[in-house]
Amino acid sequence: MAPHANWKGFLRLSLVTCPVALFPATSESEKIAFNQLNRSTGHRVKYLKVDADTGEGVSSEDIVKGYEFEKGQYIEVSKAELEEIALESTRTIEIDEFVDRSDIDPRYLIRPYYLRPDGKVGHDAFAVIRETIREMEKVAIGRVVLTNREHIIALEPLDKGLVGTLLRYPYEVRSEQEYFDEIQGVKVTKDMLDLAKHIVNQKGGQFDPEKFEDHYESALVDLINQKRAGKTIGPKERPKGENVVDLMEALRRSVGQEATPARAAKPAKKSKKAGPSQKEMLMPIAGKKQAKELAAKKPAAGTRSKSA
């Protein structure tokens, strides 16, 4: 089942308009999340909204927005006043221009959304807009309002739909000069550059996100499984960093190391076999995404007793 749309409205290119829905293209909900607990009782900590001066609780209907223009001085802004200044992009993504993908600085990219027709009408108009962008090999730039804020959105074709990536405004991007001014102007010799290029060529490959593993998430799952199994968790030894004294020698050694992948490759991870008693304990915390899949693969009671 597809998630609920974050936004519904219209996509418009000049006089061509169609109803569309915007869905989040990414999710953080599959990651392990922690709750805050009271150490002494083990109970979950609950946050209350209270008046900063009186300490009394405040109900949601009594909370309004306010802008602090001086210390302790606020200008209240009501929901009705915010709706009055709402722009047309609240309900319509107006395509303003088309640009080359290479023109968009990656620092301006925020997060992606999926855009598709909303309902059974407008599929023809949607297809015309999508295929025009595809044929022109351009990125369409428009505006959309999410959570009361207007955002710039870059639209690109993906399969039968569109991917819309929210973009930052210039005032949200910091200047690199604040951080790069103190970098020394080092001249890299041709020999060093040739060795470094050789390493890059040996490590050449194609981008495949399926190869990536979230090592921290895996470590969290392992930690929780061990604690549920009653095991004692001890500190691990941390690898010590080495100071590079001779850069040229380090590059030469790197080239030799990459040339022998059999030795350089990390040993394959040993599969952690859980005993029959542990299996029930480990399955629910194998990671949120895999929990349902593992539960579906759980052997029947009769099968377990037979193999025991």
Side-chain angles (χ1 to χ4, degrees), residues 1-6 23-50 52 55 57-58 60 63 109-114 147 166 203 205-244 254 257-258 261-308:
M1 182 181 293
H4 293 294
N6 280 32
F23 299 85
T26 59
S27 172
E28 297 284 322
S29 63
E30 301 299 337
K31 291 185 176 181
I32 287 180
F34 292 102
N35 293 312
Q36 292 186 320
L37 307 177
N38 182 339
R39 187 195 300 272
S40 59
T41 64
H43 299 158
R44 185 172 174 178
V45 175
K46 183 180 179 181
Y47 288 92
L48 300 174
K49 295 180 180 180
V50 300
V58 183
S60 298
I63 297 177
L109 304 177
I110 302 179
R111 59 183 172 275
Y113 288 86
Y114 293 138
T147 60
L166 298 189
K203 285 182 170 288
Q206 291 184 330
F207 178 76
D208 180 10
E210 294 297 329
K211 295 189 297 186
F212 303 151
E213 179 187 350
D214 189 339
H215 295 289
Y216 182 70
E217 183 77 4
S218 299
L220 279 178
V221 171
D222 189 52
L223 171 65
I224 295 172
N225 282 334
Q226 289 189 56
K227 290 181 73 71
R228 287 196 68 180
K231 296 182 179 180
T232 303
I233 310 299
K236 294 181 179 179
E237 284 191 22
R238 299 291 180 183
K240 296 180 180 179
E242 298 180 4
N243 292 327
V244 178
S254 296
Q257 185 176 1
E258 294 302 325
R263 285 185 300 167
K266 294 182 180 179
K269 289 186 178 180
K270 294 181 180 179
S271 58
K272 299 179 181 178
K273 296 183 179 179
S277 60
Q278 271 190 332
K279 200 166 188 178
E280 295 291 336
M281 182 179 294
L282 303 187
M283 280 171 55
I285 33 174
K288 294 182 181 179
K289 188 173 184 180
Q290 295 87 358
K292 293 182 179 179
E293 297 174 6
L294 289 173
K297 296 178 182 178
K298 179 179 175 182
T303 307
R304 287 202 301 271
S305 60
K306 186 177 180 180
S307 59

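Residues: numbered from 1 along the sequence shown.
- Here the closest heavy-atom approach between residue Arg44 and residue Leu37 is recorded as CA-CD2, 3.7 Å.
- Panel note: side chain Asn225, backbone Val221; a donor-acceptor pair is recorded below 3.5 Å.
- For Arg39, there are no side chain to side chain donor-acceptor pair (under 3.5 Å) partners, not counting sequence neighbours.
- No more than 12 heavy-atom neighbours from other residues, nucleotides or ligands sit within 6.0 angstrom of OH on Tyr216.
- Taking each heavy atom of Pro24 and Asn6 in turn, the nearest pair found is CD-OD1, 3.3 Å.
- Nearest heavy-atom pair, Pro112 versus Thr26, reported as atom, atom and distance to 0.1 Å: CG-CG2, 3.8 Å.
- Counted within 6.0 Å of NZ on Lys211, heavy atoms from surrounding residues, nucleotides or ligands total more than 12; the atom is thus considered enclosed.
- For the residue pair Val50 and Val58, the shortest heavy atom distance occurs at C-CG2, 4.0 Å.
- Shown here is Tyr113, whose OH atom has more than 12 heavy atoms of other residues, nucleotides or ligands within 6.0 Å.
- Applying the side chain to side chain donor-acceptor pair (under 3.5 Å) test to Ser27 and every residue at least two apart in sequence or in another chain returns Ser29.
- The two atoms that bring Glu30 and Glu217 nearest to each other are O-OE2, 3.9 Å, heavy atoms only.
- Remark: Lys227 NZ to Ile233 CD1 distance equals 6.0 Å, nearest 0.5 Å.
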